[in-house]
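Remember, it's a predicted structure, so these values are computed and weren't measured experimentally.
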Amino acid sequence: MMSILKGNSIAWVFLLVLCGCQSAEELKTEQYYAEGYQLYTTQCSNCHQADGQGLADLYPPLRESTYLSRKNDLICITKNGLSGKIKVGSKTYNRPMPANPKLTDIEIAEIVTYVTNTWGKETNYTPIDSVTAALTRCSDGSLL
């Protein structure tokens, strides 16, 4: 019985050390990514699809979008929607994206973290204060 407890204790210590090796930023990135995945699945994937490839000629892919490198624009579009023609890759799309006014700043941060880490070149999370600042700027017409 004592050897079983000792073996489990060693496993717990190993697990704690392993988890303790991640920085606070890495943990937050993982948290935002996981939450962002859930939100993307319910809020965005119907049009942009689970794989980010978009839907035929109706809705643009996220994978090839330059908006992924323009995070402030991406934040504004996620919250406020978009209308008019946009070009993604070699295709032009002209179908409006509805606004998502009920999304909170944290939810937008999580969605943007998921999207930019999955199909963009990001490897960290999008801080809430960055979302708040971008939304303030786009509400006064400074972005897009």
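Pairs of residues two or more places apart, or lying in two chains, never qualify as side-chain hydrogen bond (donor to acceptor under 3.5 Å, both in side chains) while including a residue from residues 34-46. Counting only residues at least two apart or on different chains, the salt bridge (Lys or Arg N to Asp or Glu O under 4.0 Å) pairs with a member in residues 103-124 are Lys71-Glu122. Listed by first then second residue, pairs satisfying salt bridge (Lys or Arg N to Asp or Glu O under 4.0 Å) with a partner in residues 45-60 read Asp57-Lys91, not counting sequence neighbours. Residue pairs satisfying the ring-ring contact (aromatic ring centres under 6.0 Å, His included) criterion with at least one member in residues 70-103, sequence neighbours excluded, are absent.
Across every non-hydrogen atom of Gln49 and Gln53, the tightest pair is CB-N, 4.4 Å. The minimum heavy-atom distance between Ile75 and Ser130, with the atom names listed, is CD1-O, 4.2 Å. The minimum heavy-atom distance between Pro61 and Val88, with the atom names listed, is O-CG1, 3.6 Å. Taking both residues in full, the closest heavy atoms of Asn94 and Gly84 are given as OD1-C, 3.2 Å, listed atom of the first, atom of the second, then distance. Of all non-hydrogen atoms in Leu135 and Cys76, the two that sit nearest each other are CD2-CA, 4.3 Å.
The other members of the hydrophobic cluster of Ile106, by chain and number, are Tyr32, Tyr125, Ile128 (side-chain heavy atoms under 4.5 Å, ILVMFWY only). Counting Ile, Leu, Val, Met, Phe, Trp and Tyr side chains that sit under 4.5 Å apart, directly or through other members, Tyr59 shares a hydrophobic cluster with Leu55, Leu58.
Between the side chain of Lys79 and the backbone N or O of Ile108, no donor-acceptor pair lies under 3.5 Å. Remark: the backbone N or O of Thr78 is paired with a side-chain donor or acceptor of Asn100 at under 3.5 angstrom.
The OH atom of Tyr67 lies 7.0 Å from the CG atom of Asp73; values are rounded to the nearest 0.5 Å. Annotation: the span from Met97 atom CE to Ser83 atom OG amounts to 11.5 Å, rounded to 0.5 Å. Atom OG in Ser69 sits 9.5 Å away from atom CG in Leu74 (nearest 0.5 Å). How far OG1 of Thr136 is from CG of Asp129: 11.0 Å, rounded to the nearest 0.5 Å. The OG1 atom of Thr123 sits 8.0 Å away from atom CD of Glu25, with the distance rounded to the nearest 0.5 Å.
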Exercise. Kindly indicate, with the supporting measurements, whether the criterion side chain to side chain contact (heavy atoms under 4.5 Å, CB included) is fulfilled by Gln31 and Leu27.
Key: CA-CA 6 Å; Gln31 175 191 358; Leu27 290 171; over 6 Å; no

Exercise. Would you check, one step at a time, whether the test side chain to side chain contact (heavy atoms under 4.5 Å, CB included) holds for Cys138 with Asn72?
Key: CA-CA 8 Å; Cys138 65; Asn72 288 337; over 6 Å; no

Quiz prompt | Evaluation steps, side chain to side chain contact (heavy atoms under 4.5 Å, CB included), between Val115 and Leu68 | solution = CA-CA 8 Å; Val115 168; Leu68 296 182; 3.1 Å; yes

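Not a single salt bridge (Lys or Arg N to Asp or Glu O under 4.0 Å) links Lys28 to another residue, sequence neighbours left out. Under the side-chain contact (heavy atoms from CB on, under 4.5 Å) criterion, Lys87 pairs with Thr92, sequence neighbours left out. For Glu26, the side-chain contact (heavy atoms from CB on, under 4.5 Å) partners are Gln22, Ser23, not counting sequence neighbours. Looking at residues two or more places apart in sequence or on another chain, you find a side-chain contact (heavy atoms from CB on, under 4.5 Å) between Thr118 and Tyr33, Tyr114.
Residues Leu103 and Ile111 meet the side-chain proximity criterion, which asks for heavy atoms closer than 4.5 Å.
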